Every structure is written in structure tokens, then in C-alpha cells.
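These numbers were taken from a predicted model, which means no experiment stands behind them. In this chain, numbering begins with 1 at the start of the sequence shown.
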Amino acid sequence: MTLMTVTHTPRTATTDDAEPVGRILAAAFDDDPMMRWFFPDGATRAEGLRRYFTTLFTRQYVRHGVCEHTGAATSFWVSPEGRDKAVPDAETVRELQDILGDRATAFREAVEAAAEHSPAEPHWYLAVIGADPAARGQGHGAALLRSGLARADAAGLPVYLESSKPDNLPFYEHFGFTVLGEARLPGGGPTLWAMRRAPRTDS
């Protein structure tokens, strides 16, 4: 399958984009330590990740967040106003539990552990960002990140994210993020790094 136009320009993602969004993020997170913790079986991981991200997109972030995509990458952001609404409802939780199977408990514990460190100050939250591995290094993720950071800067607000992939930390640091701390997920899970970027007025 080939993309007709692989553009770096961020565009708003809608429910019509669910299929490519799920496919791109499944490929992007195949080597992510936290996603491998949730989906340990390599034979079923790709399909599990596709269903997982598609569900989060269609039931949660496209409704209450700001979702953007390029021809080969996707990002999900949550504004301060959307923070309470972006929490998964009961039906979404049931869908995720079905997708995760016997890893549902590990997922719930990880979400609860991360929530304990959620900042109290108003902020934009970068929930998900990922690029198709075939297009990494071509600037797709950077374009999406700049788009969201510009939105936060315009509002004079910081941005928070969590990453479980240490190789990604220098990428975020390049854009002004600093590591606030790290925590090991419950049950022997991977390390999660919390990062913050202060708003800029010169961008």
C-alpha cells in the first residue's frame, strides 16, 4: 500500500482517518517498551496495537482532544479544558480491557501510577505522537510537535508528556523539554520519564 501524498503539513485528524491513524501508530509503537509490556506477544502485537490506538482515537482523543496527522505520523493532544473529558468512559475502558486481555490489569495499574504524577498547573498534554518507522528522520514527528507547541505557546502554557523509550528523550529535549523525574511502572514494568516544556514567547 502506498500513500498518495506524503505531506509534512499537520492536518486535523477526523474519524475518517481512523484506519491510517491506527496503522501508523501500531507501526510506530511496535518497539516501545511500554507497548511491549502491554502487548508481549510479538505474533499478535501489531493487531493489538492497531485496535488499541484506533479505540483511543475514535472514542477518546478525536472527541475531546486535538488530533493531527501528516502523511506518515499522528499526534494526540489534550488542552487544559479537555483534561477532564478526555478520561476514558466506561465503554471505552471495557473495549480496552477486551483488547488487552490478561494485560488489562497491568494497563490499569500503569495508568493509575502515571495519574499520580499528573501536574496540577494548567497545561497542554501530549498524549501520543508517533511516526511510521519507514518515514522516521523525515521530519513528520517534528512537524506535529512544533504544531502543538505553537498552540501551547500561544496560550502561554507549558506542555507535559511521558515517554517510556529512552532513545526519544534527546528528541524531546531538542524542543525544550526537560526530565522532571522517572518512575518504574508497577509489576516490573518499564521506566516512564515525565517531561515538561515551559512556554516560550519568542516562537
Check [X] against [Y] and note the closest heavy-atom contact, atom names and distance.
X	Y	answer
Gly141	Ile129	O-CD1, 3.5 Å
Phe39	Arg45	O-NE, 2.7 Å
Thr54	Ala18	OG1-O, 4.0 Å
Pro186	Trp37	O-CZ2, 3.8 Å
Ile24	Gly71	CD1-O, 4.1 Å
Ala131	Ala28	O-CB, 3.1 Å

[atom1]/[X] to [atom2]/[Y] distance, rounded to the nearest 0.5 angstrom?
X	Y	atom1	atom2	result
Ser164	Trp193	OG	CH2	8.0 Å
Ile99	Thr44	CD1	OG1	12.0 Å
Leu192	Lys165	CG	NZ	14.5 Å
Tyr172	Thr178	OH	OG1	14.0 Å
His140	Thr74	NE2	OG1	11.0 Å
Leu96	Glu91	CG	CD	11.0 Å

For this output row, return yes or no: ring centroids of Phe29 and Phe53 closer than 6.0 angstrom.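 Between Phe29 and Phe53, the centre distance is under 6.0 Å.
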
Side-chain donor or acceptor of [X] paired with backbone N/O of [Y] under 3.5 Å:
X	Y	value
His8	Gln138	yes
Asp17	Thr14	yes
Arg184	Pro190	no
Arg59	Val93	no

Count I, L, V, M, F, W, Y as connected when their side-chain heavy atoms are under 4.5 Å apart, and connections chain through other members. Are [X] and [Y] then in the same cluster?
X	Y	answer
Leu126	Tyr52	no
Val62	Trp77	no
Val78	Phe175	no
Leu144	Val128	no
Val179	Tyr125	no

Step-by-step side chain to side chain contact (heavy atoms under 4.5 Å, CB included) determination, Phe38 to Met35: CA-CA 5 Å; Phe38 295 151; Met35 291 299 105; 3.5 Å; yes

In this structure, which one of Leu161, Leu149, Leu145 forms a side chain to side chain contact (heavy atoms under 4.5 Å, CB included) with Arg197?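 Result: among Leu161, Leu149, Leu145, Leu149 is the only option passing the side chain to side chain contact (heavy atoms under 4.5 Å, CB included) with Arg197.
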
Between Ser147 and Glu68: side-chain donor-acceptor atoms closer than 3.5 Å: yes

Do Asp153 and Arg146 sit within salt-bridge range, that is, some charged N less than 4.0 Å from a carboxylate O?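 No, this pair does not count.
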
Quick one: do Asp98 and Arg51 satisfy side chain to side chain contact (heavy atoms under 4.5 Å, CB included)? Show the steps, please. CA-CA 10 Å; Asp98 179 64; Arg51 293 177 61 201; 3.1 Å; yes

For the residue pair Phe57 and Phe76, categorise the inter-ring angle as parallel (less than 30°), tilted (30 to 60°) or perpendicular (more than 60°).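 Ring orientation of Phe57 relative to Phe76: parallel.
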
Heavy-atom check, side chain of Pro80 versus side chain of Trp124, under 4.5 Å: yes

I'd like to check Pro133 versus Arg136 (side-chain heavy atoms, cut-off strictly below 4.5 Å). Are they in contact? yes

Verdict with reasoning, Arg50 to Leu25, per side chain to side chain contact (heavy atoms under 4.5 Å, CB included): CA-CA 7 Å; Arg50 186 196 64 77; Leu25 291 178; over 6 Å; no

Before you tell me yes or no, could you show the steps for Tyr160 and Glu121 under side chain to side chain contact (heavy atoms under 4.5 Å, CB included), namely the whole-Å CA-CA distance, both residues' side-chain angles and the distance that decides it to 0.1 Å? CA-CA 10 Å; Tyr160 283 83; Glu121 66 176 328; 2.4 Å; yes

